[in-house]
Amino acid sequence: MMASAEAPAVAAPVLAVRALDAFYGKAQALFGVTLDVAPGEVVALVGRNGAGKSTLLNSVMGLAAGRGEIALDGRRIDALPAHARARLGLGYVPEERRIFPDLTVRENLRVGSRGGAFDLEALLALFPNLREMLDRPGAQMSGGEQRMLALARTLAAGRRLVLLDEPSEGIAPIIVARLSEAVRAMKRQGVAVLLSEQNPRFVAAVADRALLLQQGRVIGQSPVAELSPLSEAVRRVLGI
């Protein structure tokens with residue numbers, strides 16, 4: 001008798017969200033959101049402004065009031081404050097970037113490492129254009145360069161999962177291309193990414209799966225390879 005072939009092992013998710021609701025005061029912004037992100041997977045939240053993308057990232061980070069289950073590497077974190085979630089390997093790059101403008105690039109990276117040792121060369125391999133800016137104050141960088149610095153700073157402490165809010169918004173196409181390369185390199189290193197994005201072409205360039213959000217609800221999902229940037233589903237959720 002031939003031995004039956006073993007099913008391939010399925011990696012446990014880095015992030016597991018179950019039945020997540022979120023609120024701003026008495027107004028409910030998310031309704032029963034459930035999702036997983038696997039190691040080295042890039043999952044994109046696609047939807048127009050007000051769909052709940054940023055609220056979902058804020059909820060995972062612990063910056064928005066809500067209820068439901070959130071687990072990082074199998075450990076429940078939904079009762080933990082944001083700083084405790086960060087210590088467990090959760091990183092967050094908000095749309096506003098929030099770098100230290102009076103510190104140099106090198107100093108921003110050192111702050112991101114929380115004063116510990118970090119692999120500068122590994123970060124520069126991901127973001128090679130930062131090498132020539134190491135001694136430049138953050139205030140003297142373009143918006144796109146600041147976005148890359150914010151992402152590099154988040155990775156300086158070592159992260160299992162990075163939350164990216166609208167990474168391509170308002171930056172030059174050449175910087176968008178460099179960000180795409182950096183996200184793909186992060187994926188190859190096993191870093192998981194959950195990003196919110198309105199640019200379907202950026203999603204197509206970096207993501208494995210897209211979750212379609214509308215009015216605080218996940219209304220569909222698809223492997224990006226099966227989801228044309230201008231498909232009817234994308235047009236509907238983006239209103240284009």
Side-chain angles (χ1 to χ4, degrees), residues 6-24 28-45 52-95 98 109 111-119 122-123 126 150-165 167 182-197 206-211 213 216-218 221 223:
E6 294 186 3
V10 177
V14 175
L15 176 70
V17 175
R18 299 291 180 268
L20 180 65
D21 299 328
F23 302 85
Y24 289 112
Q28 188 166 353
L30 293 179
F31 300 84
V33 171
T34 291
L35 63 88
D36 290 335
V37 183
E41 184 181 30
V42 179
V43 176
L45 307 171
K53 306 186 305 297
S54 295
T55 300
L56 178 50
L57 297 185
N58 285 333
S59 298
V60 172
M61 194 67 224
L63 300 174
R67 64 190 176 210
E69 296 185 7
I70 304 172
L72 186 67
D73 283 323
R75 173 178 175 173
R76 287 282 295 274
I77 63 171
D78 41 85
L80 298 179
H83 68 271
R85 302 184 194 198
R87 290 196 184 107
L88 293 175
L90 182 59
Y92 181 40
V93 183
E95 185 179 355
R98 299 178 188 172
L109 295 175
V111 169
S113 71
R114 302 195 296 270
F118 67 100
D119 192 335
L123 289 175
L126 286 173
L151 181 51
R153 185 184 63 185
T154 297
L155 293 173
R159 302 296 182 185
R160 293 278 293 140
L161 170 69
V162 174
L163 310 175
L164 278 176
D165 195 6
V183 172
R184 289 193 293 268
M186 289 163 55
K187 171 184 168 63
R188 290 193 295 270
Q189 294 181 5
V191 178
V193 178
L194 179 63
L195 64 90
S196 71
E197 187 56 73
V206 303
D208 298 293
R209 286 189 294 128
L211 301 183
L213 266 69
R217 294 176 170 86
V218 175
Q221 66 172 309

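All values below come from the heavy atoms of this structure, side chains included, with hydrogens, waters and symmetry mates left out.
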| query | Distance from L211 atom CG to K53 atom NZ, nearest 0.5 Å? | reply | 12.5 Å

| Could you state the interatomic distance from CG (L126) to CZ (R184), rounded to the nearest 0.5 Å? | 12.5 Å

| request: Among residues two or more places apart or on two chains, list those pairs meeting side-chain hydrogen bond (donor to acceptor under 3.5 Å, both in side chains) that have a residue in residues 78-88. | output: R76-D78

| Are the side chain of R159 and the backbone of A86 linked by a donor-acceptor contact shorter than 3.5 Å? | yes

| message | Would you compute the distance between atom CZ of R153 and atom CG of L123 and round it to the nearest 0.5 angstrom? | response | 12.5 Å

| query | For the residue pair G62 and A82, what are the closest heavy atoms and their distance? | reply | O-CB, 4.3 Å

| Judged by atom type as modelled, is there a donor-acceptor pair below 3.5 Å linking the side chain of R18 to the main-chain atoms of L35? | yes

| note | d(L45 CG, T55 OG1) to nearest 0.5 Å is 11.0 Å

| The single option from L163, D165, L63, L30 passing side chain to side chain contact (heavy atoms under 4.5 Å, CB included) against N58 | L63

| query | When rounded to the nearest 0.5 angstrom, what distance separates CZ in R209 from CG in D36? | reply | 7.0 Å

| query | So do V14 and V191 actually touch side chain to side chain, heavy atoms under 4.5 Å? | reply | no

| request: Would you mind reporting whether V206 and E197 have side-chain heavy atoms less than 4.5 Å apart? | output: no

| said: Is any side-chain heavy atom of V43 closer than 4.5 Å to one of L15? | reply: no

| message | Could you report the tightest heavy-atom contact between P167 and S196, atom names first, then the distance? | response | CD-O, 3.4 Å

| said: Main chain of G32, side chain of D21: is a donor-acceptor contact present, judged purely on distance under 3.5 Å? | reply: yes

| request: Can you measure from CD1 (I77) to CG (L72) and round to the nearest 0.5 angstrom? | output: 5.0 Å

| said: On a heavy-atom basis, which atom in D208 and which in G40 lie closest, and how many Å separate them? | reply: OD2-O, 4.1 Å

| Sub-3.5 Å donor-acceptor pair from the side chain of K187 to the main-chain atoms of E41, do we have one? | no

| request: Please name the pair of heavy atoms, one in A19 and one in T34, separated by the smallest distance, quoted to 0.1 Å. | output: N-OG1, 3.0 Å

| Between A64 and S59, what is the shortest heavy-atom contact and its length? | CB-OG, 3.7 Å

| task | List the atom of A156, the atom of G112, and the distance in Å for their closest heavy-atom pair. | result | CB-C, 4.1 Å

